[in-house]
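To keep things clear, I will list the structure first and then write my remarks on it.
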Amino acid sequence: MTDKANNDNPLLREWKTAYNIAPFSLIKPGHYRPAIEKAIEAALGEIDFIVKQEALPDFKNTIVALEEAGELLNRITPVLFNLNSADTSPELQAVTQEVSPLLTSFANDVTLNPGLFKRVKHVFDHKDEFNLSDEQRILLDRKYKSFVRGGAALNDGEKERFREITIEMSTLSLTFEENLLAETNDFTLHLTDRKDLSGLSEGICEAAAATAAQKGYEGWLFTLHAPSYIPFMQYSDRRDLREKMNMAYATRSFRNNSHDNRQIVTRLADLRLQLARLLGYNDFASYALEERMATTPEKVTNFLRDLLTASGKAGGRDLAEIKRFAAGAGHSGPIERWDWAYYSEKLKMQKFSIDDEALRPYMPLDKVR
């Protein structure tokens with residue numbers, strides 16, 4: 001990339017903005033890949049410098065230098081992935097699919113670099129000689145483990161398979177998220193009779209009317225996005241519509257259409273198992289939990305059992321109370337998933353005079369900002 005291209009790309013320039021946030025108004029989808037490629041190139045140069053040092057590895061010239069490498073890349077990638085999650089578009093999704101394998105390959109180039117791992121391992125093996133603080137020891141420990149868990153100790157054939165697995169996983173994970181988002185966006189509940197709005201507050205109805213107007217509809221439009229879906233499930237008196245909304249939400253990417261995720265889930269589960277066993281773990285849960293508070297699947301299972309034992313009695317009591325309240329309100333039959341939020345909210349209002357919707361006037365958008 002030429003210097004002029006660098007200067008024309010807002011992702012590669014200094015951000016002279018309040019709080020140094022990204023200049024979103026200047027960034028176009030076409031800016032991301034060139035910027036990320038440039039940032040990867042710079043980061044690999046920084047890694048190469050660490051590896052080729054003649055000085056013996058120590059905490060500063062290896063671990064600290066590694067921690068500081070890739071600063072430009074670490075600045076750019078959150079902009080793309082956060083925007084893709086919060087305000088995506090077909091163009092952004094295409095770019096994300098393009099750069100995700102590049103980023104995974106870069107991460108593999110770092111952890112699978114034998115010269116770099118040799119330096120990191122030397123510092124780890126000689127850590128008692130460096131008079132490290134507790135914080136430095138934690139950083140060193142995490143860096144070393146990240147290399148081992150990233151395949152650094154594998155042989156050449158295993159490293160190649162590790163690369164293939166991680167790249168496929170990154171692409172499939174993105175596709176899974178995009179399918180789920182597409183399914184969420186595709187469903188709308190369009191109401192034109194005010195009678196169908198029974199139970200919904202004026203604020204909820206105004207938001208639904210604004211959504212409908214934005215999309216060129218008359219009446220009110222409800223979606224599966226949380227600000228629309230949750231209050232509808234809490235307040236709508238129309239049980240049939242609550243069921244329709246709940247079933248649409250629960251079956252996203254599970255409807256045998258172009259956005260179906262079932263084969264992706266199956267493939268990801270298989271790849272995760274392959275990855276875990278390649279690294280010496282019995283299953284992916286053992287690999288994933290090792291660096292988390294629970295540390296092992298057995299501890300998670302025991303925790304959940306203890307939680308069920310401790311909360312089961314209270315949960316049963318709450319369910320019985322909801323059932324009695326619902327029956328008193330004219331409900332017959334079992335409490336389904338689309339009934340729980342509705343009757344829970346009404347019971348809460350009766351017992352404690354707490355109405356979430358009544359709090360909205362006290363938190364206008366400009367004040368929240």
Side-chain angles (χ1 to χ4, degrees), residues 36 38-78 102-167 169-170 271-300:
I36 287 174
K38 183 68 177 179
I40 288 176
E41 180 185 342
L44 288 173
E46 293 165 343
I47 296 297
D48 191 53
F49 178 81
I50 296 171
V51 174
K52 291 183 177 179
Q53 291 182 93
E54 294 183 1
L56 284 175
D58 60 30
F59 185 81
K60 184 177 181 179
N61 68 21
T62 300
I63 305 304
V64 173
L66 182 57
E67 181 73 4
E68 294 175 348
E71 181 180 353
L72 178 60
L73 188 62
N74 292 336
R75 186 183 73 159
I76 295 172
T77 51
L102 300 180
L103 292 169
T104 302
S105 293
F106 165 73
N108 287 335
D109 287 341
V110 174
T111 57
L112 300 179
N113 185 316
L116 183 60
F117 179 57
K118 183 179 179 180
R119 292 186 68 88
V120 172
K121 189 174 186 305
H122 177 90
V123 179
F124 182 79
D125 290 341
H126 297 82
K127 56 187 171 185
D128 292 336
E129 303 172 13
F130 295 116
N131 192 29
L132 302 177
S133 66
D134 291 341
E135 292 82 0
Q136 290 171 329
R137 283 180 174 271
I138 291 173
L139 176 60
L140 173 58
D141 183 66
R142 288 179 177 174
K143 283 293 180 189
Y144 177 75
K145 285 183 178 178
S146 72
F147 273 82
V148 174
R149 289 166 56 82
L154 300 175
N155 62 42
D156 290 343
E158 291 169 336
K159 286 180 179 179
E160 186 59 32
R161 182 57 189 147
F162 183 90
R163 285 180 181 273
E164 294 171 353
I165 291 172
T166 53
I167 289 174
M169 284 176 62
S170 69
L271 290 171
R272 286 178 171 184
L273 181 60
Q274 290 185 46
L275 179 74
R277 290 185 172 170
L278 190 63
L279 295 171
Y281 299 86
N282 291 329
D283 47 59
F284 186 77
S286 299
Y287 168 76
L289 291 168
E290 184 181 48
E291 291 299 291
R292 301 184 184 181
M293 188 178 294
T295 68
T296 66
E298 292 74 24
K299 287 186 178 180
V300 172

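Side chains included, hydrogens not; waters and symmetry mates left out as well; all remaining heavy atoms used.
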Would you say [X] has more than 12 foreign heavy atoms packed within less than 6.0 Å of its [atom1]?
{"X": "E291", "atom1": "CD", "result": "yes"}
{"X": "R142", "atom1": "CZ", "result": "no"}
{"X": "K121", "atom1": "NZ", "result": "no"}
{"X": "D156", "atom1": "CG", "result": "no"}

Is any side-chain heavy atom of [Y] closer than 4.5 Å to one of [X]?
{"X": "L154", "Y": "L112", "answer": "no"}
{"X": "T166", "Y": "T104", "answer": "yes"}
{"X": "L103", "Y": "I40", "answer": "yes"}
{"X": "F162", "Y": "L279", "answer": "yes"}

[X] [atom1] to [Y] [atom2] distance, which is reported to the nearest 0.5 Å:
{"X": "L271", "Y": "I167", "atom1": "CG", "atom2": "CD1", "value": "12.0 Å"}
{"X": "I47", "Y": "K52", "atom1": "CD1", "atom2": "NZ", "value": "13.0 Å"}
{"X": "L73", "Y": "E46", "atom1": "CG", "atom2": "CD", "value": "9.5 Å"}
{"X": "N131", "Y": "Q136", "atom1": "CG", "atom2": "CD", "value": "8.5 Å"}
{"X": "L72", "Y": "I76", "atom1": "CG", "atom2": "CD1", "value": "4.0 Å"}
{"X": "T77", "Y": "L102", "atom1": "OG1", "atom2": "CG", "value": "12.5 Å"}

Within 45° cone and under 6.0 Å: K127 NZ/CZ vs F124 ring: yes
One pair to check against side-chain contact (heavy atoms from CB on, under 4.5 Å): K143 and E67. What are the steps and the verdict? CA-CA 9 Å; K143 283 293 180 189; E67 181 73 4; 2.9 Å; yes
Determine whether I63 and V123 satisfy the following criterion, side-chain contact (heavy atoms from CB on, under 4.5 Å), listing intermediate values before the conclusion. CA-CA 8 Å; I63 305 304; V123 179; 4.0 Å; yes
Heavy-atom donor-acceptor pair, [X] side chain to [Y] backbone, under 3.5 Å:
{"X": "H126", "Y": "H122", "result": "yes"}
{"X": "Q53", "Y": "I50", "result": "yes"}
{"X": "T111", "Y": "A107", "result": "yes"}
{"X": "Q274", "Y": "I165", "result": "no"}

Partner set under ring-ring contact (aromatic ring centres under 6.0 Å, His included) for F59, not counting sequence neighbours: none
Between R149 and E290, does the salt bridge (Lys or Arg N to Asp or Glu O under 4.0 Å) criterion hold? Intermediate values first, please. CA-CA 10 Å; R149 289 166 56 82; E290 184 181 48; 2.8 Å; yes
Please determine whether a side-chain nitrogen of the Lys or Arg among D128 and R137 lies less than 4.0 Å from a carboxylate oxygen of the Asp or Glu. yes
Decide, yes or no, whether a salt bridge links R161 with E158 under the criterion of side-chain N to carboxylate O below 4.0 Å. no
If you take all heavy atoms of A276 and Y287, which pair is closest and at what distance? CB-CB, 4.3 Å
Quick one: do D109 and R163 satisfy side-chain contact (heavy atoms from CB on, under 4.5 Å)? Show the steps, please. CA-CA 9 Å; D109 287 341; R163 285 180 181 273; 2.9 Å; yes
Yes or no on side-chain contact (heavy atoms from CB on, under 4.5 Å) for V51 and L116, after CA distance, side-chain angles and deciding distance? CA-CA 5 Å; V51 174; L116 183 60; 3.8 Å; yes
Given R119, which of D58, N113, N61 fulfils the side-chain hydrogen bond (donor to acceptor under 3.5 Å, both in side chains) condition? N61
Aromatic ring proximity, centroids under 6.0 angstrom, Y144 and F147: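 Between Y144 and F147, which both carry aromatic rings, the centre distance is not below 6.0 Å.
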Checking S286 now: which residues fulfil side chain to side chain contact (heavy atoms under 4.5 Å, CB included) with it, not counting sequence neighbours?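 S286: side chain to side chain contact (heavy atoms under 4.5 Å, CB included) contacts with Y281, D283, P297.
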